[in-house]
S.K.: 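Structure in structure tokens, see below.
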Amino acid sequence: NTVNTQEMTNTEDRPVTARQLQTLATKLGAEWEQLGIELGFTRAQLFHFKEDHRNNIQQAIFAMLDTWREKSGQEATIGRLVEHMMNIPVDMETYGFLLR
């Protein structure tokens, strides 16, 4: 049991990767804009992500998530991202793959 807790902690401390964000972008639904606000983006910034990727909402979501990752640097961990998603709340099924 202690090992599981340790593994979980290690996973949460890991930096989130672009590939993980790409996968997450395909799983997020309408709550992506709420998540964007939670991650510190303005409505205007979210509008620009949508405009820049008008024909592909998943690319808009990925652009937002990847911008957060770059902006956050070392703070862009799996744990931090999951924490933000829990605040929305986003369904655990959407982001559970990050914790495996």
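The residues of the chain are indexed from 1 along the displayed sequence. These numbers come from a predicted model, not from an experiment.
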S.K.: Answer yes or no: is there a donor N or O on one side and an acceptor on the other, between the side chain of Gln45 and the main chain of Thr42, under 3.5 Å?
M.R.: yes
S.K.: Restricting to non-hydrogen atoms, name the atom on Val90 and the atom on Thr94 that form the minimum distance, rounded to 0.1 Å.
M.R.: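 Closest heavy-atom pair between Val90 and Thr94: CG1-CB, 3.6 Å.
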S.K.: Assigning hydrophobic clusters by single linkage (Ile, Leu, Val, Met, Phe, Trp, Tyr; side-chain heavy-atom cutoff under 4.5 Å), is Phe47 placed with Trp32?
M.R.: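 Result: no, two separate clusters.
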S.K.: Say you draw a straight line from CD of Glu83 to CD1 of Ile78; how long is it, rounded to the nearest 0.5 Å?
M.R.: 13.5 Å
S.K.: Hey, does Leu28 have a side-chain heavy atom less than 4.5 Å from the side chain of Tyr95?
M.R.: no
S.K.: Residues two or more places apart in sequence or in another chain: which of them pass ring pair (Phe, Tyr, Trp, His ring centres under 6.0 Å) with Phe41?
M.R.: Phe49
S.K.: Flag yes if more than 12 heavy atoms outside Glu93 fall under 6.0 Å of its CD atom; otherwise flag no.
M.R.: no
S.K.: Would you mind reporting whether Met92 and Leu99 have side-chain heavy atoms less than 4.5 Å apart?
M.R.: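 Contact flag for Leu99/Met92 side chains = yes.
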S.K.: Say whether, by atom type as modelled, one donor and one acceptor occur between the side chain of Thr17 and the main chain of Gln20 under 3.5 angstrom.
M.R.: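 Yes; judged by distance alone, with no hydrogens or angles, the pair exists.
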S.K.: Working to the nearest 0.5 Å, report the span between CG of Leu46 and CD1 of Ile61.
M.R.: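 Separation between the atoms: 10.5 Å.
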S.K.: Can you find a heavy atom in the side chain of Lys27 that is under 4.5 Å from one in the side chain of Phe97?
M.R.: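 SC-SC contact between Lys27 and Phe97 confirmed.
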S.K.: Hey, are the side chains of Asp66 and Glu70 touching, using non-hydrogen atoms and a 4.5 Å cut-off?
M.R.: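 Asp66 vs Glu70: side chains touch.
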S.K.: Rounded to the nearest 0.5 Å, how far does OG1 of Thr23 lie from CZ of Phe62?
M.R.: 9.5 Å
S.K.: With heavy-atom distances below 4.5 Å as the criterion, would you say the side chains of Glu33 and Lys50 are in contact?
M.R.: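 Side chain of Glu33 against side chain of Lys50, heavy atoms only: contact under 4.5 Å found.
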S.K.: Specify the closest pair of heavy atoms between Thr77 and Trp68, including all atoms of both residues, with the distance to one decimal.
M.R.: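 Looks like O-CH2, 4.1 Å.
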S.K.: If you round to the nearest 0.5 Å, how far is CD of Glu38 from NE2 of His84?
M.R.: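 So the NE2 of His84 and the CD of Glu38 are separated by 5.5 Å.
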S.K.: Which atom names give the shortest non-hydrogen contact between Met64 and Gly36, and what distance separates them?
M.R.: SD-CA, 3.3 Å
S.K.: For residues Leu21 and Leu81, determine if any side-chain heavy atom of one lies less than 4.5 Å from a side-chain heavy atom of the other.
M.R.: yes
S.K.: Closest heavy-atom contact between Ile88 and Glu31?
M.R.: CG2-CB, 4.3 Å
S.K.: Please report the interatomic distance CG(Leu98) to OG1(Thr11), rounded to the nearest 0.5 Å.
M.R.: 10.0 Å
S.K.: Spell out, as yes or no, whether a donor-acceptor pair under 3.5 Å connects the side chain of Gln58 to the backbone of Asn56.
M.R.: no
S.K.: Side chains of Val82 and Glu12: does their closest heavy-atom pair fall under 4.5 Å?
M.R.: no
S.K.: Specify the closest pair of heavy atoms between Met85 and Leu35, including all atoms of both residues, with the distance to one decimal.
M.R.: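 Looking at all heavy atoms of both residues, the shortest contact is CG-CD1, 3.8 Å.
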S.K.: Which value, rounded to the nearest 0.5 Å, describes the distance between His53 atom NE2 and His48 atom NE2?
M.R.: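 It comes to 12.0 Å.
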